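Computed from a predicted structure; not experimentally measured. Chain letters run A, B, ... following the sequence lines, proteins first and then strands; every chain starts at 1.
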Amino acid sequence: DVKVTQSSRYLVKRTGEKVFLECVQDMDHENMFWYRQDPGLGLRLIYFSYDVKMKEKGDIPEGYSVSREKKERFSLILESASTNQTSMYLCASSRDRGEKLFFGSGTQLSVL
Amino acid sequence: DQQVKQNSPSLSVQEGRISILNCDYTNSMFDYFLWYKKYPAEGPTFLISISSIKDKNEDGRFTVFLNKSAKHLSLHIVPSQPGDSAVYFCAASAGFQKLVFGTGTRLLVSP
């Protein structure tokens, strides 16, 4: 089974802090994604990557950046955390484009 | 523009009865459809999928129906169990494009 591991289940940060969310997958998947989930808004795509050192903006990239230095690792960076970035962050990977995604357990981030 | 819509934010059914979750889409290029289930504080898990060449796919208690002319997708759970209580997301993709998710429907199955 594919395993997508997110480094933290719960995180509390202060406004203005730089925040790193790490994600690692163990199935040699080409594609990796970062989503956030908010009540009533579903899953919204922040950034994705179809290859190492490649990144593409999703639907809500403002305030975020990403890094993919190795195939198995995809990091989400909040440059200067704000309270409206309090959310559940979900990392996912897939073997091929347009195929089903395998999700990590999520990181519940609270920005105070 | 919401290309995938789940118009019912919540649904309550009794244990043993059928649960029907609905999803509508606007993009006629979508050719692959999926349902995910999500428990609180966990990541979504894949449930079942269907390609546009089929109109029905079954997996145990779960059946997905696709009506391409109506651009409508539904998930039937029979019989419903309390452990099915979760948020259900439908998703769709066109060719090799990324998945587009709906906003989710919270299902509550009461004993």
Side-chain angles (χ1 to χ4, degrees), chain A residues 1-11 21 23 25 27 29-51 54-61 87-110, chain B residues 1-11 21-25 27 29-53 57 59 62 64 73 75 86-107:
Chain A
D1 270 356
V2 176
K3 193 168 174 77
V4 179
T5 303
Q6 294 184 230
S7 53
S8 306
R9 292 297 297 269
Y10 301 95
L11 214 51
L21 302 182
C23 175
Q25 50 95 2
M27 282 300 289
H29 282 177
E30 300 289 334
N31 313 306
M32 297 189 74
F33 305 80
W34 275 106
Y35 289 86
R36 61 178 282 178
Q37 185 206 355
D38 301 287
L41 297 178
L43 299 174
R44 293 183 293 167
L45 182 63
I46 305 171
Y47 267 97
F48 60 104
S49 168
Y50 285 149
D51 201 352
M54 202 212 116
K55 60 186 179 185
E56 291 193 40
K57 293 180 179 179
D59 301 317
I60 51 164
S87 185
M88 165 71 88
Y89 288 88
L90 294 159
C91 176
S93 72
S94 71
R95 184 187 60 189
D96 293 318
R97 300 188 191 190
E99 276 205 352
K100 70 180 180 185
L101 301 179
F102 295 86
F103 284 88
S105 299
T107 296
Q108 181 63 53
L109 173 67
S110 296
Chain B
D1 176 33
Q2 192 75 26
Q3 296 186 69
V4 178
K5 299 178 185 178
Q6 294 177 258
N7 293 316
S8 298
S10 63
L11 175 68
L21 296 101
N22 294 304
C23 182
D24 296 298
Y25 61 95
N27 187 345
M29 299 301 291
F30 285 149
D31 57 5
Y32 183 54
F33 304 86
L34 309 87
W35 285 94
Y36 281 84
K37 179 169 74 174
K38 186 183 183 300
Y39 293 119
E42 292 185 16
T45 54
F46 170 75
L47 201 53
I48 193 169
S49 64
I50 188 169
S51 75
S52 59
I53 62 172
N57 189 27
D59 184 1
F62 301 91
V64 56
L73 186 71
L75 175 68
V87 177
Y88 290 79
F89 293 98
C90 65
S93 70
F96 295 108
Q97 300 302 310
K98 58 188 186 296
L99 292 182
V100 179
F101 284 87
T103 53
T105 295
R106 182 177 303 276
L107 174 65

>> side chain to side chain contact (heavy atoms under 4.5 Å, CB included), that's the test. Do B:Lys98 and A:Glu56 meet it? Break it down for me.
In response: CA-CA 11 Å; B:Lys98 58 188 186 296; A:Glu56 291 193 40; over 6 Å; no

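- Scanning residues 86-95 of chain B against chain A with a 4.5 Å heavy-atom cutoff picks out B:Phe89, B:Ser93, B:Gly95, ordered by number.
- Contact detail for B:Gly43 and A:Leu90: the closest heavy-atom pair is CA-CD2, 3.7 Å.
- Taking every heavy atom of both residues into account, B:Ala41 and A:Tyr10 meet most closely at CB-OH, 3.8 Å.
- Qualifying ring pair (Phe, Tyr, Trp, His ring centres under 6.0 Å) partners for A:Tyr47, counting only residues two or more places apart in sequence or in other chains: none.
- If you measure heavy-atom distances from A:Arg9 to chain B, the contacts under 4.5 Å come from the side chain alone.
- Counting heavy-atom pairs under 4.5 Å between each of A:Leu41, A:Asp59, A:Asp38, A:Leu101 and chain B puts A:Leu101 at the top.
- Minimum interatomic distance between B:Leu34 and A:Lys100 (heavy atoms only, all atoms of both residues): CD2-CB, 3.3 Å.
- Atom CZ of B:Arg106 is surrounded by 12 or fewer heavy atoms from other residues, nucleotides or ligands within 6.0 Å.
- Within a 6.0 Å radius of CE in B:Met29, other residues, nucleotides and ligands contribute 12 heavy atoms or fewer.
- Annotation: maximal heavy-atom pairing with chain B below 4.5 Å, among A:Ser105, A:Cys91, A:Gly106, A:Ser94, occurs at A:Ser105.
- Only the side chain of B:Tyr36 comes within contact range of chain A, judged by heavy atoms closer than 4.5 Å.
- Other residues, nucleotides and ligands contribute over 12 non-hydrogen atoms within 6.0 Å of the CD atom of A:Glu99.
- For A:Gln6, no part lies under 4.5 angstrom from a heavy atom of chain B.
- Neither the backbone nor the side chain of B:Pro9 comes within contact range of chain A; no heavy atom of the residue lies under 4.5 Å from a heavy atom of that chain.
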